Structure formats: C-alpha cells, structure tokens
Amino acid sequence: MTSAHICDAVLPELGADTDREYRLGIMGGTFDPIHYGHLVTAEQAREALDLDLVLFMPAGVPAFKQDQQVTSAEDRYAMTVLATAANAAFDASRFEIDRPGVTYTVDTLTALRERYPDNVKLFFITGADAILDIVTWHNAGRIAELATLIAATRPGYHIDQVRDRIEASGFNFDVRYIEIPALAISSTNIRRRVAKGKSVRYLTSESVIGYIRKHGLYNSSVVERTDVL
Ligand code: ATP
Ligand code: MG
C-alpha cells in the first residue's frame, strides 16, 4: 500500500467547496499521554486563526525521541481519540502511526499538501518549546513553505527567544504567535505522578485517566524518560 492510499483512507474530507478557503490545523505530538495543555493549545489556536478543523496527529516513532521509551502508538492514539471526541472541530489521525519508520513533520505536511486541494491552508500548531526545535528539524525550509506555524506560549519558555531563533534560522517561516492560558502541565509530569501513585485528576480528561488505569500505563519502568517540562 502506498502512503497516498493510507492518506486517502484516514484523513477527513476537506476543501470540496472550491469557492472558499479551508484552514486545517495540525497538532503534532507524542501525546504520551495527551493532556489539557495540548487541548487548550489546539482550541485557542483554532479560535485565534479561525481553523475549520484541528487534526491531532500522534507521532509513530518521534524523530527526536528515538532514544527514549515511548508508550505504544495504539495506546497513545486511543487516548488522543478519547480526549478529542467531544469537540466537533477536533479529529484524531492515525496517519503518522500507520506510517512505518521515524516520523518527520515535513513528510506529514507534504502528504497533507498532496492530499488536499489548494483551497485548504495548512497550519502547524506547536508550543514554544517545540517550535524552538523546528529550526533544527529535517527539511525545515520545506516546512516553512508548506505550512503557517502557530506558536503558543508555554510556561518556562520565552516567546522572544523563539522569535530570535526563527529569524536567525534564515528560513522564511510564517509564524503566528498566540498567548494561551498558562498550563504548566507536561506528559512527563503526568507519567511521573502516575508512577508514584499521585493524582492526575484535572491535568487531563477523566476518560484518559480511566484508560491509563485500565491499561496499567506508566509503571515505573517507563517514567524515567526525561524531558524538559
Ligand atoms: P513530554 O513531556 O513527554 O515531552 P509534552 O507535554 O511536552 O510531553 P508533547 O507530546 O511533547 O507533550 O507535545 C506536543 C505539542 O504540544 C508540542 O508542540 C508542545 O510544545 C505542546 N505542548 C505540550 N504541553 C503544552 C502546554 N502545557 N502548553 C503549551 N503547549 C504545550
Ligand atoms: Mg514535549
């Protein structure tokens, strides 16, 4: 099966009315697990940039987390579905987890660009930490051509530093900066709390917490993965 077929099978229909522009947000992440920081970022990006849909895209093998132990893609995808199910403007995609090998954002954006007609504009949503990495990503210049970037504030990161790095990169990124309610929540912190038997209520949805408990995720062997925030 070619990647184009996978793409056709799992991506939502968009762009049928050729008289209007569609704005598709892509929220990439490991989502190990998905939490309210991700959800509020996507929702506020949707509102600020008038997006028609935000596609949550759990990474298969994340390019920058290859040396770390990550929960199975199926579990991360299932939690993403649970957390996004009640929002009509959110959708979860299997696109990256069904692709073999390492996930590169540029490949995903290229496939989306090929899949959708020109009246569908692509917006790649990130937090301030992730956008700092973008300049070092595989084919960063191509990413700049394919999508508008939405950079959301995140506690512990300075948006001015992000601006400087983007400018210094020499690539022609179109970046929209949005200020969102500060939630100092991270998946790393949730994994650690679960492993220690501490409460994670109100850090992510009840449905995700139920899934974590039911499947016994984040026992101590997995949590020693360290990440900033
Ligand atoms: P980990 O601790 O495992 O790295 P994480 O909480 O950083 O997990 P990721 O899946 O790495 O979550 O992040 C996916 C995207 O969501 C990134 O663009 C990241 O910047 C953004 N993001 C995650 N948490 C927040 C938050 N609390 N506020 C704003 N953006 C966030
Ligand atoms: Mg992270």
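Read the numbers this way: they start at 1 and go in the same order the structure lists the ligands and their atoms. All values reported here derive from a predicted model rather than from experimental measurement.
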Enquirer: May I ask you to list the atoms of ligand 1 that are less than 4.0 angstrom from any heavy atom of G29?
Expert: 10 (O), 14 (C)

Enquirer: Measure from NZ or CZ of R23 to the centre of the six-membered ring of F123 and say whether it is under 6.0 Å with the direction within 45° of the ring axis.
Expert: no

Enquirer: Indicate whether the side chain of S186 and that of T188 have a donor and an acceptor atom separated by less than 3.5 Å.
Expert: no

Enquirer: Please could you name the atoms of ligand 1 that D129 approaches to less than 4.0 Å, counting only its heavy atoms?
Expert: 19 (C), 20 (O)

Enquirer: Report yes if some N/O of A184 lies less than 3.5 Å from some N/O of ligand 1; otherwise report no.
Expert: no

Enquirer: Please report the C-alpha distance between T110 and R113 in whole Å, then the side-chain angles of each, then the deciding distance to 0.1 Å, and finally whether the side-chain hydrogen bond (donor to acceptor under 3.5 Å, both in side chains) criterion is met.
Expert: CA-CA 5 Å; T110 301; R113 189 63 283 158; over 6 Å; no

Enquirer: Could you tell me which atoms of ligand 1, counted from 1 in the order shown, lie closer than 4.0 angstrom to a heavy atom of T126?
Expert: 18 (O)

Enquirer: Before you tell me yes or no, could you show the steps for M79 and L217 under side chain to side chain contact (heavy atoms under 4.5 Å, CB included), namely the whole-Å CA-CA distance, both residues' side-chain angles and the distance that decides it to 0.1 Å?
Expert: CA-CA 11 Å; M79 292 188 283; L217 303 185; 3.7 Å; yes

Enquirer: Can you confirm whether the side chains of Y22 and D17 place a donor and an acceptor under 3.5 Å from each other?
Expert: no

Enquirer: Examine the proximity of ligand 1 to T41 and report which part, side chain or backbone, both or neither, has a heavy atom under 4.0 Å away.
Expert: side chain

Enquirer: Looking at ligand 1, is there an atom of it that comes within less than 4.0 Å of some heavy atom belonging to G28?
Expert: yes

Enquirer: Given the rule in the side chain to side chain contact (heavy atoms under 4.5 Å, CB included) test, do V162 and Y157 qualify, once you have shown the distances and angles that lead to the verdict?
Expert: CA-CA 8 Å; V162 175; Y157 296 88; 5.7 Å; no

Enquirer: Do R142 and L146 have side chains that approach each other closer than 4.5 Å (heavy atoms only, starting at C-beta)?
Expert: yes

Enquirer: Please confirm whether L183 comes within less than 3.5 Å of ligand 1 when only nitrogen or oxygen atoms on both sides are compared.
Expert: yes

Enquirer: So is D32 close enough to ligand 1, meaning a heavy atom under 4.0 angstrom away?
Expert: no

Enquirer: Check T153 against ligand 1 and report side chain, backbone, both or neither, counting heavy atoms closer than 4.0 Å.
Expert: backbone

Enquirer: Out of H38, Q44, M27, H35, who is nearest to atom 13 (O) of ligand 1 when you count heavy atoms only?
Expert: H38

Enquirer: Contact between I190 and ligand 1, counting heavy atoms under 4.0 Å?
Expert: no

Enquirer: Does the ring of Y177 carry R163 above it, NZ/CZ under 6.0 angstrom from centre and within 45° of its axis?
Expert: yes

